[in-house]
Amino acid sequence: MMIGILGPEGSYSEKAAKQWNGTAELRYCDDIMEAVDALLREEVDYSIVPVENSLEGSITLTLDLLMEHQLKIVGEVIVQINHYLLSKGSGRDIKIIMSHPQGLSQCRKFIKKNFKDAEVRSALSTSLAAKLASESKDIAAIASRESGQRYGLGVLAENIQDINENYTRFIVIGKNTPHPTGNDKTSIIVYLQKNRPGALYEVLGEFAGRGIDLTRIESRPTKKVLGDYLFYIDLRGHIEDKMISGALDRVKSRVAMLKILGSYPAAG
């Protein structure tokens with residue numbers, strides 16, 4: 001099995017992949033889009049990409065790719081995020097701090113308090129930031145402990161995220177819907193097209209009336225006109241459950257578009 005993930009080695013995506021399947025071969029991609037493209041080109045069997053963080057919210061690029069392409073979610077992985085400040089030099093040497101934009105956002109209080117004069121730079125991944133930090137004592141990376149070990153960096157500070165309870169949810173995308181396990185989720189995208197009083201309420205009522213638990217709902221612009229939105233919804237249950245399929249049939253009759261992203265085992 002080959003899994004496409006955000007690289008290079010030492011990334012949180014690598015940790016997610018190993019949690020999901022510890023024996024698979026990994027293909028390291030430069031960014032989320034490349035990981036998705038590798039799956040679409042059938043160069044990998046699965047790809048694992050981040051979709052939301054407990055501190056910073058959704059990864060909007062991932063949401064957009066789910067809408068743009070025929071992708072099927074087949075699993076999810078929750079990874080606890082512990083950020084470390086890593087460098088070859090000492091704290092006095094640091095002139096530049098690098099990380100993925102999410103990592104920088106999750107540690108903004110630490111950076112402001114301890115390195116207010118340092119230049120802050122974004123990288124395509126936390127592990128790439130660690131790799132770049134290995135090339136200069138002037139650079140510190142915000143990344144995982146594993147990244148520091150992989151690239152020979154010292155730990156200047158640990159657990160530097162603004163809030164300790166920091167988790168990222170990754171989705172596994174593939175081709176075939178897993179069979180029901182009894183602890184599943186289904187992800188969908190809904191487009192109402194015409195905004196009218198009670199339109200979203202009617203859609204949500206189809207789930208509420210059947211006692212179906214919605215674990216997440218989020219709006220994203222359609223990118224067509226201002227004020228036009230898609231709704232991303234995660235719910236408890238599997239598409240093969242009669243209650244779920246019945247609710248989705250009713251939702252489909254009420255909206256302009258219903259896209260089923262997949263049914264898959266829930267993490268944890």
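Heavy atoms only: backbone and side chains are in, while hydrogens, waters and symmetry mates are out.
- For the pair N176 and K72, the minimum side-chain heavy-atom distance is 4.5 Å or more.
- Within the 3.5 Å criterion, the main-chain N or O of G10 finds a donor-acceptor partner in the side chain of S147.
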**Request:** Begin with the C-alpha distance, continue with both residues' side-chain angles, and end with the deciding distance and a verdict on salt bridge (charged side-chain N to carboxylate O under 4.0 Å, His left out) for K112 and D162.
**Result:** CA-CA 11 Å; K112 184 175 181 179; D162 294 341; over 6 Å; no
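- Between E42 and K175, some side-chain heavy-atom pair lies under the 4.5 Å cut-off.
- With R236 as the fixed residue, the side-chain contact (heavy atoms from CB on, under 4.5 Å) test singles out one of N183, T186, D241: N183.
- One hydrophobic cluster, built from ILVMFWY side chains closer than 4.5 Å, holds both L65 and M257.
- The CG atom of L6 sits 12.5 Å away from atom CE of M33, with the distance rounded to the nearest 0.5 Å.
- Although no hydrogens or angles enter the test, the distance criterion places a donor-acceptor pair under 3.5 Å between the side chain of S125 and the main chain of G7.
- A donor atom on one side chain and an acceptor atom on the other are found under 3.5 Å apart for N21 and T23.
- Residues K223 and D64 meet the side-chain proximity criterion, which asks for heavy atoms closer than 4.5 Å.
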**Request:** Take E202 and R250 through the salt bridge (charged side-chain N to carboxylate O under 4.0 Å, His left out) test and state the conclusion after the steps.
**Result:** CA-CA 10 Å; E202 290 175 2; R250 288 291 298 156; over 6 Å; no
**Prompt:** Are K95 and E119 close enough, and set up right, to give a salt bridge (charged side-chain N to carboxylate O under 4.0 Å, His left out), and what steps lead you there?
**Reply:** CA-CA 6 Å; K95 296 181 176 63; E119 178 185 349; over 6 Å; no
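- Donor-acceptor pairing under 3.5 Å is recorded for the side chains of N53 and T168.
- In this structure, V79 is not a member of the same hydrophobic cluster as V51, with clusters built from ILVMFWY side-chain heavy atoms closer than 4.5 Å.
- The NZ atom of K15 lies 10.0 Å from the CZ atom of R145; values are rounded to the nearest 0.5 Å.
- For the pair I160/Y84, no side-chain contact is recorded, criterion being any heavy-atom separation below 4.5 Å from C-beta on.
- Both L104 and L156 are members of a single hydrophobic cluster when ILVMFWY side chains are connected at heavy-atom separations under 4.5 Å.
- In terms of modelled atom types and a separation under 3.5 Å, the side chain of K259 and the main chain of L66 share a donor-acceptor contact.
- Counted by atom type alone, D184 and S263 present zero donor-acceptor pairs between their side chains at under 3.5 Å.
- In this structure, the side chain of S47 does not engage the main chain of I173 through any donor-acceptor pair within 3.5 Å.
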**Request:** Evaluate the criterion side-chain hydrogen bond (donor to acceptor under 3.5 Å, both in side chains) for residue pair S187 and D234; output intermediate values, then yes/no.
**Result:** CA-CA 4 Å; S187 295; D234 292 345; 2.7 Å; yes
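- When atom types are taken as modelled, the side chain of S136 and the backbone of A133 share no donor-acceptor pair closer than 3.5 angstrom.
- Between the side chain of N114 and the main chain of F110, a donor-acceptor pair closer than 3.5 Å is present.
- One finds the CD1 atom of I94 at 12.0 Å from the CD1 atom of I111 (value rounded to the nearest 0.5 Å).
- Side-chain atoms of N166 and Q106 form a donor-acceptor pair, as typed in the model, at a separation below 3.5 Å.
- Taking the side chain as every heavy atom from C-beta outward, S122 and S99 never approach each other to under 4.5 Å.
- Rounding to the nearest 0.5 angstrom, the gap separating the CZ atom in R220 from the CG atom in L230 is 9.0 Å.
- Considering OG of S219 and CD1 of I233, their distance stands at 10.5 Å, rounded to 0.5 Å.
- Put simply, M1 and L26 are part of the same group of oily side chains (I, L, V, M, F, W, Y) that touch within less than 4.5 Å, one to the next.
- Between the side chains of E218 and S58, at least one donor-acceptor pair of N or O atoms lies under 3.5 Å.
- Taken together through direct or relayed side-chain contacts under 4.5 Å among Ile, Leu, Val, Met, Phe, Trp and Tyr, L61 and L128 form parts of separate hydrophobic clusters.
- For residues 3-53, the ring pair (Phe, Tyr, Trp, His ring centres under 6.0 Å) pairs, not counting sequence neighbours, are Y12-H83, W20-Y46.
- Side chains of S105 and R108 form a contact here, defined as non-hydrogen atoms less than 4.5 Å apart.
- Looking only at distances, a side-chain donor or acceptor of R210 sits under 3.5 Å from a matching main-chain atom of E206.
- Counting heavy-atom neighbours within 6.0 Å of K185 NZ, excluding the residue itself, gives a total above 12.
- Two residues are said to be in side-chain contact when any heavy atoms from C-beta on lie closer than 4.5 Å; I3 and V44 fail this criterion.
- Proximity of a side-chain donor or acceptor of D45 to a complementary backbone N or O of M2 within less than 3.5 Å is detected.
- By the 4.5 Å heavy-atom criterion applied to side chains, I188 and L261 are not counted as neighbours.
- For the atom pair CD1 of I171 and CD1 of I59, the computed distance is 10.5 Å after rounding to the nearest 0.5 Å.
- Under a 3.5 Å cut-off, the side chain of Y151 and the backbone N or O of E9 do form a donor-acceptor pair.
- A donor-acceptor contact shorter than 3.5 Å is absent between the side chain of D93 and the backbone of K137.
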